[in-house]
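Here the structure comes first, spelled out in structure tokens, and everything after it is commentary.
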Amino acid sequence: MTIMGNTHIIYERVIAMKEKAGSEQKVCGNCIYFFQHYVKDEDGYTATIFGHCGYPRIKIRKEKDTCSHWRAAPEET
């Protein structure tokens with residue numbers, strides 16, 4: 001098998017590395033208080049960059065925003 005034949009494997013590893021790196025950042029998208037917003041499209045639902053924070057009051061946030069109330073979200077298993 002050639003390198004081009006393994007493109008999907010390489011792509012999946014890059015995505016996994018980005019997700020792992022992103023989960024170590026203290027941003028709203030990785031916070032227990034962050035609720036992701038979704039839009040419906042022809043393929044189902046797609047996550048947007050927006051969401052809202054539920055602590056200490058409800059406020060609009062983006063995945064990459066930060067604040068002093070950040071708490072790590074539990075690991076998905």
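Atoms CZ and CD, on Phe34 and Glu63 in that order, are 5.5 Å from each other to the nearest 0.5 Å. Atom CD1 in Ile49 sits 13.5 Å away from atom CZ in Arg61 (nearest 0.5 Å).
Checked by atom type and distance alone, the side chain of Gln36 pairs as donor or acceptor with a backbone atom of Thr48 at under 3.5 Å. Between the side chain of Asn30 and the main chain of Val27, no donor-acceptor pair closer than 3.5 Å is present.
Taking Ile, Leu, Val, Met, Phe, Trp and Tyr as members and joining any whose side-chain heavy atoms lie under 4.5 Å apart, directly or through other members, Ile58 forms no hydrophobic cluster with any other residue.
Counting only residues at least two apart or on different chains, the side chain to side chain donor-acceptor pair (under 3.5 Å) pairs with a member in residues 49-60 are His37-His52.
Counting heavy atoms from C-beta on, the side chains of Thr66 and Cys28 never come closer than 4.5 Å.
Applying the side-chain contact (heavy atoms from CB on, under 4.5 Å) test to Thr46 and every residue at least two apart in sequence or in another chain returns Val39, Asp41. Ala72 is linked by a side-chain contact (heavy atoms from CB on, under 4.5 Å) to Trp70, counting only residues two or more places apart in sequence or in another chain.
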CA sep, side-chain torsions, deciding dist, call: Cys31, Lys26, side chain to side chain contact (heavy atoms under 4.5 Å, CB included): CA-CA 7 Å; Cys31 180; Lys26 292 184 178 182; over 6 Å; no
